[in-house]
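As the structure lists them, so they are numbered: ligands from 1, and atoms in each ligand from 1. Just the heavy atoms: all of them, side chains too, but no hydrogens, waters or symmetry mates, feed the values below.
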Amino acid sequence: MSSVSDVLSLSPVIPVVVVETVDQAVPVARALAAGGVPVVELTLRTPVALDAIRAIAEEVPEVTIGAGTVTSPEAAKRAHDAGAQFLVSPGCTPTLLAAMEDTGLPFLPGTATVSEAIAVLESGHREMKFFPAEPSGGTAYLGSLPTVIPDAVFCPTGGVSAASAPAYLALANVACVGGSWLTPKDALAAEDWARVTELAAAAARLR
Ligand code: 3PG
């Protein structure tokens, strides 16, 4: 993936995935791809996350694998070394932004305010995550931003659902949304990959 806009154009929904065991990684990525969603944001929230990223990078080439919940320079480097093809952070500081830049990977820095979005634009990046989207003001908030920061492009994530995604996707400054609803915890625990594929197929049809 050469740029973050390439990543954002892969699917209307970037699945935010939490795996509890490394064995879940490859099947869940394949199930998403089978439903037409060839991208995964695998969150660095469980001890197996880096191994899961490595497994998907090695065994599921049809999926663009990213690391989510990147909150430190060390995490950015470890995710890169594990084979992540893009990085996503829930928030952003100058230190974290520099560390993500240093990896050479496309990345989505997290923002929730106009000032944070302006800081990201000042650093030379247009694309950013809007997190947590629903608690931060949802579509009403995001929809009011193009008049003041028309260059900012968002991937809203956090509380977005199959029901609310279309309203976000209709906004001029939204490239895609992120959400965990494609990979429910109980479906992963039960290895119900057909359900994941079904949820992915519905998400892929959103736009
Ligand atoms: C994230 O890491 O982006 C969020 O936890 C995903 O939010 P959701 O679980 O509300 O979709």
Check ligand 1 against the protein and report each N/O to N/O distance under 3.5 Å, formatted as atom name, atom name, distance.
unit_1, atom_1, unit_2, atom_2, d
ligand 1, 2 (O), R45, NH2, 2.2
ligand 1, 3 (O), K129, NZ, 2.7
ligand 1, 5 (O), R45, NH2, 3.1
ligand 1, 9 (O), S180, OG, 2.6
ligand 1, 10 (O), G159, N, 2.7
ligand 1, 11 (O), S180, N, 2.9
ligand 1, 11 (O), S180, OG, 3.2

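- The CG atom of L108 sits 9.5 Å away from atom CG of L87, with the distance rounded to the nearest 0.5 Å.
- A donor-acceptor pair under 3.5 Å is formed between the side chain of T43 and the backbone N or O of V17.
- Using a 30° and 60° split on the angle between ring planes, F130 and F154 fall in the perpendicular class, above 60°.
- Look at D51 and R54 and you find a salt bridge, because one of the NZ, NE, NH1 or NH2 atoms lies within 4.0 Å of a carboxylate O, short of that distance.
- Side-chain polar atoms of S5 and S3 form a donor-acceptor pair below 3.5 angstrom.
- When the options V22, V40, L42 are evaluated for a side-chain contact (heavy atoms from CB on, under 4.5 Å) with I53, the one that passes is L42.
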